[in-house]
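The structure displayed is predicted, hence computed values, not measured ones. For ligands, and for the atoms within them, numbers begin at 1 and follow the listed sequence.
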Amino acid sequence: MTQEPDLSKYPREARDFQMTQSANDAQGVAPVRDPKDRVIVFDTTMRDGEQSPGASMSLDEKLELSKILEDMRVDVIEAGFPIASNGDFEAVHKIAQIVTESTVCGLARAGVADIERCAEAIKPAKRGRIHTFISTSPVHMKWKLQMEPEAVLEAVSRSVAHARNLCDDIEWSAEDATRTERDFLRRCVEAAIRAGAKTINVPDTVGYTYPSEYADIFRDLIENVPGADNVIFSTHCHNDLGLAVANSLSGLQGGARQIEVAINGIGERAGNAALEEVVMALRVRGDRLAFYTGVETQHITRASRYVSAITGFPVQFNKAIVGKNAFAHEAGIHQDGMLKNAETYEIMKPEDVGQGASNLVMGKHAGRAGFREKLKELGYELGQNALNEAFQRFKDLADKKKHVFDDDIIALVDDALASGADRIQVKHLRVIAGTEGPQQADLTVTVDGVEKSDSATGDGPVDAVFNAIHKVVPHEAILRLFQVHAVTEGTDAQAQVSVRLEEEGRIATGQAADTDTLTASAKAYVNALNNLFARKEKTAPDALASGF
Ligand code: KIV
Ligand code: ZN
């Protein structure tokens with residue numbers, strides 16, 4: 001038995017249904033089916049995604065990302081965990097003010113303080129949701145919560161009922177559901193439904209389940225829990241065994257009608273199910289999977305690049321859908337087939353996910369209008385100030401480099417997005433390198449606009465640069481990763497550098513690109529430091545503060 005979503009709860013759906021139908025007809029893809037097969041897309045990039053070790057986003061970045069997600073027609077945006085920090089509260093609160101189409105959701109543990117703080121944060125939303133959760137597996141209840149099962153059950157009822165008094169739209173999650181005893185899971189879900197939850201999320205918190213087992217859990221709950229017909233069941237899959245996307249699809253086959261996903265699959269440990277992969281799997285295999293979403297997939301590449309730029313997490317080249325090689329064909333036999341008919345080796349078109357088909361070279365004489373068009377084609381829509389700054393950077397780059405390729409422009413814009421709001425900025429760098437050591441770096445940075453300079457030597461030029469940064473910005477962070485790759489071919493190619501720092505268990509990453517590898521290294525390190533300092537300002541919540 002599959003449940004029928006109550007469309008009145010999701011006013012956009014009827015409209016989406018019509019739009020998707022006509023878009024699909026025009027593209028000749030699978031016919032749209034019944035509205036009961038409409039899948040609600042719940043994006044958790046800014047909540048679970050931001051919990052990735054090393055990922056952090058500023059308020060402005062979150063606001064911009066929420067606009068991108070809304071343009072993409074994501075149904076629910078989980079904007080943060082309001083009690084976690086003032087920064088998280090503010091982000092959820094501001095996003096609730098600017099987002100008008102998507103539902104804005106905040107996370108809360110099963111405690112009075114959490115739920116009330118969350119309700120306060122989402123108050124301005126046109127459509128707001130409180131997402132409250134508690135662990136239900138034996139191992140979590142015993143060691144994490146130190147609560148007896150009956151007390152957990154009681155907390156489910158009370159927390160959902162309290163949230164329901166503050167907001168109409170309540171989602172309840174059974175943390176570690178896939179390692180929960182079935183009978184207890186059924187009792188908890190029943191309690192949450194009775195108390196007023198409209199969405200029941202069944203998280204695979206530690207990425208433990210496999211597809212057929214996950215589908216079976218949904219079937220069991222939908223068939224056996226009283227009231228299950230009146231709620232939407234949701235998947236939430238982590239990728240510890242590389243099964244997050246497969247499990248999400250299987251959850252839909254078991255009767256779920258909401259998927260919780262993150263752009264580029266970022267999230268705790270190995271990450272969450274990648275939005276772009278689940279959504280495109282549903283679109284491409286509409287012939288066999290009778291589900292559809294309202295996502296306008298041509299925004300996917302833009303969202304992916306933006307998330308990569310602001311978190312400093314590079315997208316691996318062979319990543320499905322959004323990787324640099326996702327639509328590249330190297331082998332001669334493949335290229336030959338592609339030239340005859342793209343369908344020989346492509347199951348979707350690059351344009352479907354917003355990847356520009358061309359790699360046109362731009363020269364230094366390109367004008368601002370052409371540059372703006374190119375950015376659009378590459379999936380960026382910048383405000384006037386950001387556009388002016390990017391154009392200036394492009395001109396500077398074109399002076400240094402004979403040909404500017406698409407990948408150069410992507411690196412340049414990502415670099416500006418990643419470091420634009422940084423309090424510490426690299427101003428000048430001069431490095432003495434060569435066979436005769438020690439190598440020396442003279443560095444000037446600005447910290448909140450105030451210049452600071454110093455020099456340092458090191459075992460090699462990169463070491464000298466990083467030692468100089470230590471002198472101008474004293475810190476205890478340890479360098480965990482330093483990675484360089486060339487953005488394009490040729491000796492004048494830009495170097496793209498990724499840096500990962502760790503301090504007291506906190507991890508932060510940074511990224512930068514420049515035609516000068518040492519400048520890119522300095523900027524990436526400083527970008528990581530900025531992210532680390534921003535992360536320090538956010539304090540993660542401890543164990544449940546005030547339970548029921
Ligand atoms: O993975 C998980 O269990 C979660 C919950 C808070 C929904 O992220
Ligand atoms: Zn999660």
**Q** Among residues at least two apart in sequence or on other chains, which ones pass side-chain hydrogen bond (donor to acceptor under 3.5 Å, both in side chains) with E116?
**A**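 Testing E116 for side-chain hydrogen bond (donor to acceptor under 3.5 Å, both in side chains), a comparison that skips the adjacent residues, returns H162.
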**Q** Looking at F482, I'd like to know if the NZ or CZ of R500 sits under 6.0 Å from its six-membered ring centre while staying within 45 degrees of the ring's axis.
**A**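 No, cation not above the ring by the 6.0 Å, 45° rule.
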**Q** Would you call L289 and L252 a side-chain contact if the rule is heavy atoms closer than 4.5 Å?
**A**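 Of all side-chain heavy-atom pairs linking L252 with L289, none is under 4.5 Å.
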**Q** Check ligand 1 against the protein and report each N/O to N/O distance under 3.5 Å, formatted as atom name, atom name, distance.
**A**
from	atom 1	to	atom 2	distance (Å)
ligand 1	1 (O)	H236	NE2	3.1
ligand 1	1 (O)	H238	NE2	3.0
ligand 1	3 (O)	T205	OG1	2.6
ligand 1	8 (O)	R47	NH1	3.4
ligand 1	8 (O)	R47	NH2	2.9
ligand 1	8 (O)	D48	OD2	3.1
ligand 1	8 (O)	H236	NE2	3.2

**Q** What angle, to the nearest 10°, do the atoms NE2 (H238) and OD2 (D48) form about the Zn ion (ligand 2)?
**A**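 Approximately 100° at the metal, rounded to tens of degrees.
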**Q** Tell me whether the centres of the aromatic rings in Y525 and H475 are closer together than 6.0 Å.
**A**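 Yes: the rings meet the under 6.0 Å criterion.
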**Q** Identify whether the distance between the nearest side-chain nitrogen and carboxylate oxygen of R305 and D414 falls below 4.0 Å.
**A**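 No, R305 and D414 are not salt-bridged.
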**Q** On a heavy-atom basis, which atom in K126 and which in T100 lie closest, and how many Å separate them?
**A**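 Minimum heavy-atom contact is CD-O, 3.5 Å.
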